[in-house]
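Data block below; observations after.
These numbers were taken from a predicted model, which means no experiment stands behind them.
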Amino acid sequence: MQHVMTSPPTPDPSLDAVDLQAIIDSSADCIKVLDLDARVLSMNIGGRQTMEITDFSVCQGLLWPTFWEGEARAQVQQALDAARAGHTTTFEGPARTFAGTPKWWEVRVSPLRAADGTVTRLLASSRDITARKQTEQQLEAAQHQLRNHAQVLEVRVEQRERALAALVRFTTQVASSTELHDIATAASDTLRDAVGGAISGFFLVKGKMAYPVMFSSNTPPEVMAARRAGIALSAPLVASALARRGTSFVGSEDGRRQSVGYASALSVTAYHQGEQPYALFAAGTPRPEWTAQEQEVIESVGRGLGLALDREVQTQQLQERTAGLDAFVAFSESSSATTDILALARQAVEVLETTLRVVSVAYYELDGDLWKARVWSENLTPEVVAVLTAGISVNAPSYAEAVQTRASVFVPGWCADSQGVARTEAFGAGAFYPCFVGESPHGLLSMGTPRAGDWTPREEAVFSAVGRSLTLALERTAQTRELTLQRDALTARTRELLLANEELDAFTYSASHDLRTPVRHVMSFAGLARTALVNNQPDKVSRNLDIIQQGATRMNGLIDGMLLLSRAGRHDLQAQMVSLEPLILQAQHDAQLEFPEQVIDVKLRAAVSVWGDARLLQQVLTNLISNAVKYSTTRDVSDVVVQVSETGTEWTITVQDNGVGFDPRYGGKLFGIFQRLHTQDAFPGIGVGLATVRRIVLKHGGRVFAEGSVGAGATFGLTLPKPAA
């Protein structure tokens with residue numbers, strides 16, 4: 001209860017000064033009279049005892065504010081200033097006694113006035129309120145403790161409610177899902193929300209290690225990187241959980257030793273299939289220990305996860321069989337209509353991308369000592385594509401293992417450096433399947449995922465099924481190609497036989513007609529020459545001998561043409577990519593030598609390369625350009641235009657001239673042996689050049705054609721097929 005001090009009472013007429021002083025001295029309040037500078041002038045005896053002063057002289061004349069420290073001294077100065085101004089001020093503050101005992105004081109500072117009302121001195125009265133203050137502080141501390149306890153209870157209730165809500169949400173989520181990744185994610189989310197931001201991860205056991213399938217969303221990247229290589233089943237906490245077939249906890253220093261530098265409190269829940277370890281669910285927090293409530297939540301989540309895993313395993317076994325069959329059927333249906341190897345590989349890539357979650361696929365073919373990617377997923381980065389297309393060494397561990405075992409290879413905890421595949425650090429797991437045709441590896445199918453850990457059994461079943469399907473398709477394609485080659489060879493042989501029969505017919509016709517004509521001329525004019533010789537007619541003899549010589553020359557040319565055509569048919573094809581430009585330049589040069597007086601202008605509209613025998617194609621272009629120049633010698637300049645166009649299956653080459661042209665009704669005769677539409681006097685020749693062109697083009701698997709009109713020039717053309725991919 002606050003004590004209110006009043007100014008010294010007016011002396012009672014019945015009390016003298018001695019009595020009044022006795023009353024003041026007996027008060028336990030420290031009553032001091034100060035001068036206006038706040039020096040202590042006097043102090044009552046009770047006050048000296050309260051202030052623990054045995055000798056008043058030690059404080060007499062001292063400045064009263066020096067008794068105080070800190071904020072309390074500022075309050076004293078304000079009260080003194082107010083008293084000097086005629087006002088009374090009350091405040092509370094701490095100060096030590098002269099013996100050093102800390103106390104709390106209730107202080108009242110008042111002015112003392114003279115008879116005229118002038119403030120002449122100051123009165124300061126201090127009451128010891130230490131006991132009351134201590135009681136107040138104890139009460140406040142008790143209230144603070146109660147508030148803290150209430151807050152703790154409120155937090156615990158909130159945590160329990162949050163944990164129950166998280167468990168309900170987890171139960172709801174896993175009830176509608178059989179996907180391993182989704183179930184583990186739901187468990188991690190539940191733990192994160194229910195146990196104050198705990199991190200967690202789900203691992204599948206393979207051999208003596210457990211590899212991560214997923215991490216909670218709040219797991220630090222450095223923890224994921226450290227755990228991506230897996231957890232040994234021999235680690236103390238893991239071994240304890242496996243032995244208990246349940247959950248084990250560890251904390252403090254022991255937890256820090258077993259963590260990867262993040263957590264102090266750890267837990268591991270172990271799951272089995274039969275007697276074999278199947279999976280681990282691990283959690284951690286930076287706090288030193290798990291609370292009992294947190295352990296209860298972790299065990300509850302672990303049991304819920306275990307029930308969901310049992311259901312998932314049963315569902316998964318059915319899905320594996322179904323997924324493998326579905327993938328096999330899907331690929332078989334999509335690949336049945338093609339024998340294009342790269343098209344088959346694209347379909348395999350698409351089936352895997354469609355069937356599985358978040359995968360990147362590539363198909364390789366062997367090029368020397370490198371596996372080079374030919375087909376790949378569009379989600380691969382340009383940097384990774386550059387590495388894969390440049391080639392991966394046949395000695396890269398997983399690639400080599402797949403070829404050596406001739407079976408699927410699945411790689412958990414993918415490490416780009418140890419695998420020898422640069423730029424693939426983002427992947428968490430890899431898979432490889434070798435595609436053998438006969439005894440040789442024809443191709444290799446690979447698959448990767450950024451997800452940490454091992455492949456699920458379903459993913460392994462689908463990948464292996466597609467790999468087997470692709471291998472069967474490649475074997476079928478190889479057999480089909482072999483049959484196609486045999487068929488094409490038979491077709492080519494048949495075409496050659498048909499051509500040989502046509503040429504045989506032409507030879508027969510030539511022997512019976514074209515060759516017989518100059519022979520008849522020789523025989524007829526030889527008789528006339530004999531008669532002229534008997535009749536001594538030398539001019540007629542000479543003229544007849546000239547005609548005989550012309551006939552022999554004509555017959556010799558026909559024989560040479562037949563031999564030339566025969567040699568063109570017997571020449572074995574040595575096909576390769578051939579640039580047409582140098583062949584055309586050589587053909588122009590040959591035509592200029594044949595017609596030295598003629599101005600020749602040959603234009604090439606497109607400089608390209610075609611597939612064929614360079615030596616035979618030189619004969620073709622030389623014959624066509626020489627033919628174009630011969631039939632345009634009636635012009636001042638022989639304008640010859642060579643054009644090349646192409647489609648997806650063939651090239652078309654045309655040679656156009658500005659010559660005399662021909663009647664299109666007889667165009668079909670132009671490519672026959674010894675067939676001519678003009679007289680020998682108008683345009684010399686024996687009719688073998690175009691027949692040779694036809695023979696060579698047919699040998700390449702192409703065709704010939706001619707277009708023209710009288711007086712408007714002619715166009716001779718041919719096609720050459722593109723080689724099979």
Side-chain angles (χ1 to χ4, degrees), residues 206-207 209 211 324 327-328 331-332 335 339-353 356 359-377 380 384-425 427-449 454-457 459-482 725:
K206 189 169 185 180
M209 298 289 291
Y211 296 98
F328 182 83
F331 180 76
S332 298
S335 64
T339 57
D340 184 333
I341 291 177
L342 296 186
L344 290 169
R346 282 188 210 95
Q347 289 165 356
V349 170
E350 291 172 2
V351 168
L352 288 171
E353 290 175 334
L356 304 179
V359 296
S360 300
V361 189
Y363 171 77
Y364 305 78
E365 289 183 346
L366 203 55
D367 185 356
D369 292 332
L370 296 175
W371 285 109
K372 291 188 176 181
R374 304 301 187 194
V375 179
W376 52 85
S377 296
L380 286 172
V384 173
V385 170
V387 170
L388 301 187
T389 53
I392 307 300
S393 171
V394 294
N395 296 320
S398 295
Y399 293 74
E401 182 182 354
V403 173
Q404 291 167 1
T405 60
R406 300 183 67 157
S408 300
V409 171
F410 297 96
V411 184
W414 178 264
C415 177
D417 292 337
S418 64
Q419 291 292 336
V421 187
R423 305 284 186 176
T424 57
E425 296 82 0
F427 289 95
F432 301 85
Y433 191 96
C435 300
F436 276 75
V437 176
E439 296 301 316
S440 302
H442 185 86
L444 188 139
L445 192 65
S446 74
M447 179 175 71
T449 177
D454 203 356
W455 297 100
T456 66
E459 291 169 332
E460 292 183 357
V462 170
F463 181 69
S464 297
V466 172
R468 286 193 296 271
S469 301
L470 178 59
T471 299
L472 291 174
L474 293 180
E475 290 176 345
R476 186 187 69 238
T477 297
Q479 294 169 358
T480 302
R481 285 195 167 191
E482 183 65 27

TODO: Name all residues meeting the side-chain contact (heavy atoms from CB on, under 4.5 Å) criterion together with A429; count only those two or more places apart in sequence or in a different chain, and write none if there are none.
DONE: T449, W455
Task: Side-chain heavy-atom pair H442, T477 within 4.5 angstrom cut-off - done: no
Open item on the list: Applying side-chain contact (heavy atoms from CB on, under 4.5 Å) to Q419 and V411, what does each step give before you reach the verdict?
Closed with: CA-CA 10 Å; Q419 291 292 336; V411 184; 3.7 Å; yes
Task: Where F436 and V403 come nearest, the two heavy atoms and their spacing - done: CZ-O, 3.5 Å
Open item on the list: Within the 4.5 Å heavy-atom criterion, are Y363 and L470 side-chain neighbours or not?
Closed with: yes
Task: Shortest non-hydrogen contact between F427 and G448, atoms and distance - done: CD2-C, 3.6 Å
Open item on the list: Less than 4.5 Å apart, side chain to side chain, heavy atoms only: is that true for F463 and V359?
Closed with: no
- [ ] Please check if any side-chain donor atom of S377 sits under 3.5 Å from a side-chain acceptor atom of E353, or the reverse.
- [x] yes
Open item on the list: Rounded to the nearest 0.5 Å, what separates atom CH2 in W371 from atom CD1 in I392?
Closed with: 12.0 Å
Open item on the list: Can you confirm whether V466 sits close enough to L445 that some side-chain heavy atom of one is under 4.5 Å from a side-chain heavy atom of the other?
Closed with: yes
Task: From D369 atom CG to N395 atom CG, the distance as rounded to the nearest 0.5 Å - done: 7.5 Å
Open item on the list: A side-chain contact here means heavy atoms from C-beta on lying under 4.5 Å apart; do L356 and M447 qualify?
Closed with: yes
TODO: Work out which heavy atom in P397 is nearest to a heavy atom in S418; give both atom names and the distance.
DONE: CG-O, 3.5 Å
Task: Pairwise side-chain contact, R374 with D367, heavy-atom cut-off 4.5 Å (strictly under) - done: yes
- [ ] Side-chain contact test, heavy atoms from C-beta onward, threshold under 4.5 Å: evaluate it for L388 versus V421 and give yes or no.
- [x] yes
Open item on the list: Quick check: closest heavy atoms across Y364 and S446, and the distance to 0.1 Å?
Closed with: CE1-OG, 3.1 Å
Task: Gap between atom CG of L344 and atom CG of L472 - 0.5 Å precision - done: 11.5 Å
- [ ] Please round to the nearest 0.5 Å and tell me the distance separating atom OG1 of T389 and atom CH2 of W376.
- [x] 5.5 Å
TODO: Specify the closest pair of heavy atoms between A431 and F410, including all atoms of both residues, with the distance to one decimal.
DONE: CB-CD2, 3.6 Å
Open item on the list: So which atom in P434 and which in A402 form the shortest heavy-atom distance, rounded to 0.1 Å?
Closed with: CG-O, 3.1 Å
Open item on the list: Is it the case that the side chain of T456 and the backbone of E459 share a donor-acceptor pair, with hydrogens and angles ignored and the cut-off at 3.5 Å?
Closed with: yes
Open item on the list: Please report the interatomic distance CG(L370) to OH(Y399), rounded to the nearest 0.5 Å.
Closed with: 11.0 Å
